[in-house]
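Quick note on labels: first sequence line is chain A, next is B, and so on, each numbered from 1.
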Amino acid sequence: GENVEQHPSTLSVQEGDSAVIKCTYSDSASNYFPWYKQELGKRPQLIIDIRSNVGEKKDQRIAVTLNKTAKHFSLHITETQPEDSAVYFCAATSPGTGFQKLVFGTGTRLLVSP
Amino acid sequence: DAGVTQSPTHLIKTRGQHVTLRCSPISGHKSVSWYQQVLGQGPQFIFQYYEKEERGRGNFPDRFSARQFPNYSSELNVNALLLGDSALYLCASSVLADTQYFGPGTRLTVL
């Protein structure tokens, strides 16, 4: 089945710096790659997603890139702010018979210091 | 615009008991998925339902079961609770099955 690896496990940056989180997946049939932000005690919040027919997607300070050949995708946050501090999870769909389940990475704890 | 809702928010049970968790999807969404999130880890897939039929099941024992109702709400049932079942149980709603929006979760503590 699908396996998603995520690095780094923790990331500390200064406010205004950029942050990059990287994920790799194993199933070449995976075709949908969302990123979730989870603040302490709260629900995972979908922040951006990308499909396998697109190489890059941007939404204000957040961008995601996908390299299907290498089977990896990355989250880029520019001009980080203290409110970006949270745990970020990447995920990939593992297509099954008639359904798609999300397989999550292990998470990256991002700390943005003022 | 109501999001995914789950009840109860918190639950404390003892080993051997059973529990029922509930989820109401976003209006118009016909698919509900259940995930278990152990502290410090990413969510793990348990079930997916679409149009009231089970479409997929993760690597969880038969003590875990679920169903989806005609109004697309869903229940997750866990029997013979073990200490290791303590976790945050998340429900995710989607139109089909890919773009999934999570509810606030039910935190289950098994003593």
Worksheet item: Who wins among B:G40, B:P104, B:G105 for the most heavy-atom pairs under 4.5 Å with chain A?
Response: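 Ranked by heavy-atom pairs under 4.5 Å with chain A, first place is B:P104.
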Worksheet item: How far does CG of B:L88 sit from NZ of A:K42, to the nearest 0.5 angstrom?
Response: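 Answer rounded to 0.5 Å: 14.0 Å.
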Worksheet item: Just how far is it from atom NZ of A:K101 to atom CZ of B:R57, taken to the nearest 0.5 Å?
Response: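 The CZ atom of B:R57 is 12.0 Å from NZ of A:K101, to the nearest 0.5 Å.
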Worksheet item: Considering only heavy atoms from C-beta outward, does the side chain of A:L46 approach that of B:F102 to under 4.5 Å?
Response: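 When only atoms from C-beta onward are counted, B:F102 and A:L46 do not touch, as no gap falls below 4.5 Å.
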Worksheet item: Quick one: does A:Y32's side chain get under 4.5 Å of B:Q100's, heavy atoms only?
Response: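 Answer no - side chains too far apart.
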Practice prompt. Please flag which part of B:Q37 lies under 4.5 Å from any non-hydrogen atom of chain A: side chain, backbone, both or neither.
Written response: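 B:Q37 touches chain A through side-chain heavy atoms alone.
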Discussion item. At a 4.5 Å cut-off on heavy atoms, which part of A:R51 comes close to chain B: side chain, backbone, both, or neither?
Written reply: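 Just the side chain, heavy atoms under 4.5 Å.
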Discussion item. Is A:Q6 in contact with chain B via its backbone, its side chain, both, or neither, using a 4.5 Å heavy-atom distance?
Written reply: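 Contact with chain B involves no heavy atom of A:Q6 at all.
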Just wondering, more than 12 heavy atoms not from [X] lying within 6.0 Å of its [atom1]?
X: B:L111; atom1: CG; value: yes
X: A:K22; atom1: NZ; value: no
X: A:Q60; atom1: CD; value: no
X: B:K52; atom1: NZ; value: yes
X: B:R15; atom1: CZ; value: no

Practice prompt. Name the member of A:G105, A:P34, A:P44 that forms the most heavy-atom pairs with chain B at distances under 4.5 Å.
Written response: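 Most heavy-atom pairs under 4.5 Å with chain B: A:P44.
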Worksheet item: What about A:V64 and A:I62, same hydrophobic cluster or not, with Ile/Leu/Val/Met/Phe/Trp/Tyr joined at side-chain heavy-atom distances under 4.5 Å?
Response: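 Yes, it is one cluster - the side chains of A:V64 and A:I62 are joined through contacts under 4.5 Å.
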